[in-house]
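Below is one structure; the comments refer to it alone.
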Amino acid sequence: MARHRLDGMDREIGRLALPAMGALAADPLLSLVDTALVGALGPVPLAALGINLAVFTTLFVTFNFLTYGTTAEVARHRGAGDGAGAVAYAMQALWLALGLGVALFVVLQGTAPLIAQLMGATGDVRAPTLTYLQIRSWSAVPFLIIMVGHGTFRGLKDTTTPLKISLLANVANVIVSYLLIHQAGLGIAGAAWGTVIAQTGAAVAFLLQGRRTLQSPDFRFNPTAMRRLVRISRDLFLRTPSLLSGTLITTAIAARMGITVIAGHQVVREVWTLLALTLDGFAIAGQAMVGTSLGSGETSLAYQQTKRLLGWGVVTGIVLTPVVFALGGLAPRLFTRDAGVLIDIGQVWWLMALLLPIGGVVFVADGILMGIGDLRFLLWSTALASLGALVPIGLIALRLEGGILGLWVGMAALMVVRGTTCVWRLSPAGWERATNRVL
């Protein structure tokens with residue numbers, strides 16, 4: 001009986017996690033495609049792209065409460081049999097995305113020169129940095145609608161629809177970006193417009209599919225549901241500064257170390273993001289499964305699912321490590337042929353590969369804790385790791401001229417601290433404290 005139950009649990013994990021992995025991997029592929037296409041133009045455009053992608057990765061983290069908060073809450077309503085509540089929450093998340101998207105566009109357009117300056121974009125890098133940033137800001141509203149779409153369908157335990165839409169968006173991005181960058185001769189501006197067009201199409205697809213799936217939902221603004229949305233999202237949003245500081249400060253430090261360092265850091269960071277989000281497929285399954293189980297009052301089942309999900313995350317990280325390590329001599333050449341950039345990439349590629357098993361714990365645990373609703377713990381543990389490990393080590397690396405290796409030693413410290421705190425929180429004693437606090 002126990003074996004049968006585990007097999008059924010594994011099948012559900014696979015049904016949810018595998019499409020989620022594809023969708024999560026497809027999203028950073030937008031950036032990877034741009035990195036490969038722009039990398040062929042030389043190190044200066046690649047460095048400018050790296051600075052911009054750090055900014056937009058930061059924005060993804062800033063507003064990911066629209067995805068993660070929606071997933072967990074829709075799953076909880078679904079587990080409790082409250083379909084109307086799940087739909088109401090999703091609709092208010094959409095209204096919030098529209099409002100925030102317009103505000104984000106205005107801010108990015110108005111502060112682009114200041115952002116470029118703060119990110120260390122000087123000299124030859126400044127002009128292409130501003131070009132990409134000002135064009136890409138037009139995707140602000142579609143970008144946030146996509147985040148709500150992912151969260152809604154994940155909460156409904158449908159990870160296939162987001163995968164299909166993400167794949168179509170990536171195909172469109174490859175075709176349009178290539179034509180604009182190389183055939184039309186727009187350079188880095190073509191990369192920005194390609195992403196805007198692809199994300200706008202994806203947002204429209206989510207809206208159309210969501211209307212069909214939710215069966216003519218009520219789009220009216222609901223102040224009561226909106227207040228609940230804001231309250232639930234608060235800790236996820238407050239968690240953002242610690243994550244932002246890590247991404248932005250290390251990128252700004254890399255920019256001050258030289259063009260080859262920032263360009264190499266950009267390539268390695270994008271590959272790491274792709275691998276991390278692939279592992280995050282188990283986190284998505286965790287949000288939906290654990291949130292649904294807790295919503296229906298099955299706490300014991302939720303903990304069994306937690307242990308199984310963590311096991312899958314660690315094993316997947318272990319399997320990926322030698323594969324990524326072996327690709328170290330080939331994969332970087334897909335993004336750049338510059339000898340200096342390749343040397344910098346080679347200094348840290350091995351370290352990135354070794355961090356994957358720890359990532360299997362950290363990223364899966366994030367999803368589980370969001371499914372539980374233990375958002376305050378996520379806030380403080382992330383702040384400890386980012387502000388107490390990554391940022392100080394990065395600043396020391398800049399002072400001591402530690403180069404790209406110094407930055408990635410900081411990344412390793414971040415992952416070790418986060419892994420340790422997550423393992424404690426999901427131990428039997430930590431689990432009981434977390435669920436008693438939020439249930």
Side-chain angles (χ1 to χ4, degrees), residues 19-20 22-34 56-57 59-60 62-71 74 86-106 108-109 132 134-181 184 186 189-221 229 277 284:
L24 288 165
D27 286 337
L29 278 175
L30 286 167
S31 298
L32 281 173
V33 167
D34 286 350
F56 284 96
T57 298
L59 293 176
F60 173 82
T62 301
F63 295 103
N64 66 10
F65 64 86
L66 290 170
T67 298
Y68 295 137
T70 302
T71 298
V74 169
V87 172
Y89 191 94
M91 290 304 99
Q92 301 319 298
L94 181 59
W95 275 111
L96 186 58
L98 290 170
L100 291 174
V102 172
L104 179 59
F105 169 75
V106 172
L108 288 175
Q109 286 287 329
Y132 187 98
Q134 290 174 326
I135 295 172
R136 179 77 183 268
S137 64
W138 284 93
S139 69
V141 171
F143 170 69
L144 298 188
I145 291 174
I146 289 169
M147 298 186 83
V148 174
H150 277 288
T152 300
F153 281 99
R154 290 172 186 174
L156 296 172
K157 288 191 173 182
D158 175 6
T159 54
T160 302
T161 295
L163 171 61
K164 292 178 180 177
I165 294 174
S166 296
L167 290 177
L168 289 173
N170 273 274
V171 171
N173 184 61
V174 171
I175 296 171
V176 176
S177 292
Y178 174 79
L179 292 175
L180 293 178
I181 293 171
L186 295 181
W193 280 120
T195 300
V196 170
I197 292 168
Q199 290 189 327
T200 300
V204 172
F206 268 118
L207 289 172
L208 294 176
Q209 186 60 40
R211 182 165 186 171
R212 286 193 292 267
T213 300
L214 299 176
Q215 298 178 351
S216 300
D218 185 353
F219 287 99
R220 288 177 299 180
F221 183 81
L229 168 63
L277 291 179
I284 301 307

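What you are looking at is a predicted structure, and each value in this text was computed from that prediction instead of being measured.
How far CG of Leu66 is from CZ of Phe143: 9.0 Å, rounded to the nearest 0.5 Å. The CD1 atom of Ile165 sits 4.0 Å away from atom CZ of Phe206, with the distance rounded to the nearest 0.5 Å. For the atom pair OH of Tyr68 and CD1 of Ile284, the computed distance is 5.5 Å after rounding to the nearest 0.5 Å. The structure places CG of Leu207 at 9.5 Å from CD1 of Ile146, a figure rounded to the nearest 0.5 Å. Atom CD1 of Ile135 is separated from atom CG of Leu108 by 13.0 Å, given to the nearest 0.5 angstrom.
Side-chain atoms of Trp95 and Leu100, non-hydrogen and from C-beta on, never get closer than 4.5 Å to each other. At a threshold of 4.5 Å between non-hydrogen side-chain atoms, the residues Phe63 and Leu96 do not count as touching. Side-chain contact between Thr70 and Met147: absent, with no pair of heavy atoms (C-beta onward) separated by less than 4.5 Å. Taking 4.5 Å as the limit, every side-chain heavy atom of Gln199 sits out of range of all side-chain heavy atoms of Trp138.
When the shell of 6.0 Å around CZ of Phe105 is examined, it contains more than 12 heavy atoms from other residues, nucleotides or ligands. More than 12 heavy-atom neighbours from other residues, nucleotides or ligands sit within 6.0 angstrom of CH2 on Trp193.
Taking both residues in full, the closest heavy atoms of Leu163 and Pro19 are given as CB-O, 3.6 Å, listed atom of the first, atom of the second, then distance. Taking each heavy atom of Ala198 and Ala169 in turn, the nearest pair found is CB-O, 3.4 Å. Closest heavy-atom contact between Gly101 and Leu144: N-CD1, 3.4 Å. Taking all atoms of both residues into account, the shortest heavy-atom contact from Val176 to Gly194 is CG1-CA, 3.9 Å. Nearest heavy-atom pair across Thr71 and His150 is OG1-O, 4.4 Å. Taking both residues in full, the closest heavy atoms of Ala191 and Ser177 are given as O-OG, 4.0 Å, listed atom of the first, atom of the second, then distance.
The main-chain N or O of Arg136 is found under 3.5 Å from a side-chain atom of Ser139 such that the two form a donor-acceptor pair.
For the side-chain contact (heavy atoms from CB on, under 4.5 Å) test, residues two or more places apart in sequence or in another chain that qualify with Ala90 are Thr152. Looking at residues two or more places apart in sequence or on another chain, you find no ring-ring contact (aromatic ring centres under 6.0 Å, His included) involving Phe153.
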Q: Apply side-chain contact (heavy atoms from CB on, under 4.5 Å) to the pair Thr195 and Tyr132, showing each step before the final yes or no.
A: CA-CA 10 Å; Thr195 300; Tyr132 187 98; 4.1 Å; yes
